[in-house]
Amino acid sequence: MARFWNRRQFLLSTGAAASAAVAGRSLLSPRKVSATTYTRKDVGGLTATSPEIVSYATAVTAMQALPATNPLSWAYQAAIHFTTLPCPCPVYWNQCQHGTEFFWSWHRMYLYYFERIVRAMSGDSSWALPYWNWQLATEATIPPMFRDTTSVLYTSHRNASMNATPPTGSLPGWAVDCSAAMGDLDFASAVEDIQTPHGNVHVQVGGWMAVIATAAMDPIFYFHHSNVDRLWDIWLAQGGGREDPTTDTTWTGKTFTFFDETGSPVTLSDCDVLRAAQQLNYEYEGEPTQVNDYCFEILRLPPWVLEILQIIQLPGPPVEVVNEPFTLTLEFGDELQRIQDIAASSEHKLLLELGEITASTQPGVSYQVYVGLPQGQVPEPEGIYFVGSFSLFGPGVKDEVHHGSTSASFRFQVNHAVNAALRAKRAVDLTIVPAGILVDGKPEMPHTKATLHIGAIGMAEGTEKRSQSSQAVSGN
Ligand SMILES: [Cu+2]
């Protein structure tokens, strides 16, 4: 998905003129205040007989009964995300955004209209889309109402151990860790890094969810993405200068088209979905106060951007990972001292970049990444040498056509791991470990369905800086 190249383009696009800006988010008063604010609840607090679940099941049944040509049908809604149904396609199919800076905003728009359609199709005018809070250890299994084989919310197209009742399979903590995204100050990094736990959940639920073209057929999809959407709010609410890219006209100028509950096409821009409660009338149960970002804003600090400087592109044999852990020693050559300095610095991020990643089909496993692991030491995701994980979801999977992307890339901050290895005067090994879900609480043996190819490995220096972009004045 060549994600890190996207980010560099983003940097270039943020303009040149310096601005003497003053802090301050909202000088404008809310333009629209709705009488009704819908609350999207944590599914962990719901049961099969909760109104939210009963109404959802009613709507799913009704939507599945409609023909795929009807925009309100289950098949059409799923196809707006992506489909394998034969094309030429009706309008606005195959739109979903992955590996781009529209990931959060596109899915927010998609869920918003899906929610309105469910409200209409269920006849429950108070319905709001619950969220699957999968970071919680108590919600590491697929919510029970989706595993009930008599429910319309069930599908057999999932990882069998995740889908059993009681479930033997659960999501491991390392797979749903959102700390990389939450720690990012700049939007481009956060929207990229949040896609890692998001993709891990897709692949670990498995079946339809693991493949872009079928993911939105599974009723759990929308609860999963409701949580991803909630994480956008939570990222912003941490403050520290975190903001939506409202000065990037490529981002603010983008529009997407969906269908409302009457089946009429409706178009939204990124500027229409910055403030969930104010613009879209919903909030999440238990979330901190929503931050109100505006596209139209005159006085404020320039946004954070991540500036990236390539240090070294490592030559070497192509990396192929099957079922066994793969280890390769990272040779820094003349750049050793520089890498050591960055690793020890607190202002700069030492970044490992894995690029040109492909597989012939969905491998069906996630991959843990370790740097500097001492020889003979068992890789432990709780240890300091674990730098993150990734899954292929869409881009990079060769038998999926998705936005023309042919490979995926991922970036990991490795300061601590490299620092520890170099201080101990050890070789800095890169170890990639195929890893599955937990079965009965223990890591399952991975059963990889395709070989993972990694074509490019590099080291880079990343610095989060205030951009010098001028302030855009556009939209709301
Ligand atoms: Cu998704």
Side-chain angles (χ1 to χ4, degrees), residues 1 3 6 40 43 74-84 92-115 118 129-135 139-140 142-143 146 153 155 157-159 162 171 175-178 180-181 190-235 256 258 273 284 362-367 389-397 400-403 405 408-410 437:
M1 65 188 80
R3 295 214 299 243
N6 282 347
R40 293 184 176 178
V43 70
W74 189 256
Y76 201 114
Q77 283 294 307
I80 288 175
H81 185 262
F82 218 85
T83 187
T84 50
Y92 311 126
W93 280 17
N94 298 341
Q95 289 194 58
C96 70
Q97 296 285 325
H98 297 92
T100 79
E101 275 139 22
F102 307 108
F103 170 76
W104 259 332
S105 54
W106 185 87
H107 284 88
R108 172 166 288 185
M109 298 172 197
Y110 178 53
L111 294 188
Y112 173 67
Y113 284 108
F114 175 82
E115 184 178 53
V118 169
L129 175 64
Y131 63 93
W132 177 16
N133 196 355
W134 35 249
Q135 303 102 295
E139 294 189 44
I142 293 177
F146 290 86
L153 306 182
T155 168
H157 299 281
R158 294 182 190 136
N159 189 336
M162 292 290 292
L171 304 169
V176 294
D177 179 13
C178 297
V191 75
E192 176 177 311
D193 288 337
I194 199 64
Q195 292 183 61
T196 292
H198 150 265
N200 287 343
V201 172
H202 270 286
V203 169
Q204 295 183 349
V205 168
W208 277 346
M209 276 282 278
V211 175
I212 287 209
T214 52
M217 297 286 286
D218 187 334
I220 195 67
F221 172 95
Y222 301 92
F223 283 44
H224 168 43
H225 265 278
S226 185
N227 194 42
V228 174
D229 184 67
R230 185 180 70 100
L231 291 165
W232 185 6
D233 283 357
I234 291 177
W235 176 75
F256 296 101
F258 301 86
V273 298
Y284 287 96
Q362 171 55 253
V365 298
S366 302
Y367 299 89
S389 67
F390 67 91
S391 296
L392 287 190
F393 179 61
V397 181
E400 284 197 52
V401 181
H402 186 65
H403 305 308
S405 299
S409 61
F410 299 94
I437 55 170

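When a ligand or atom number is given, it counts from 1 through the structure's own listing order.
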May I ask you to decide if the ring planes of [X] and [Y] are parallel, tilted or perpendicular, using 30° and 60° as cut-offs?
X: Trp104; Y: Trp235; result: tilted
X: Tyr110; Y: Phe258; result: tilted
X: Phe410; Y: Phe390; result: parallel

message: Going by the rule salt bridge (Lys or Arg N to Asp or Glu O under 4.0 Å), which residues pair with Asp233 if we only count those two or more places apart in sequence or in a different chain?
response: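 Listed in chain order: Arg108.
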statement: side-chain contact (heavy atoms from CB on, under 4.5 Å) with Glu139: of Asn227, Val176, Asn133, only one passes, and it is Asn133
- prompt: Quick one: does His202's side chain get under 4.5 Å of Ile212's, heavy atoms only?
  reply: no
- prompt: Which residues and atoms, protein N, O or S only, are under 2.8 Å from the Cu ion (ligand 1)?
  reply: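 Listed by chain and number, the nearby protein N, O or S atoms are His198 NE2, His202 NE2, His225 NE2.
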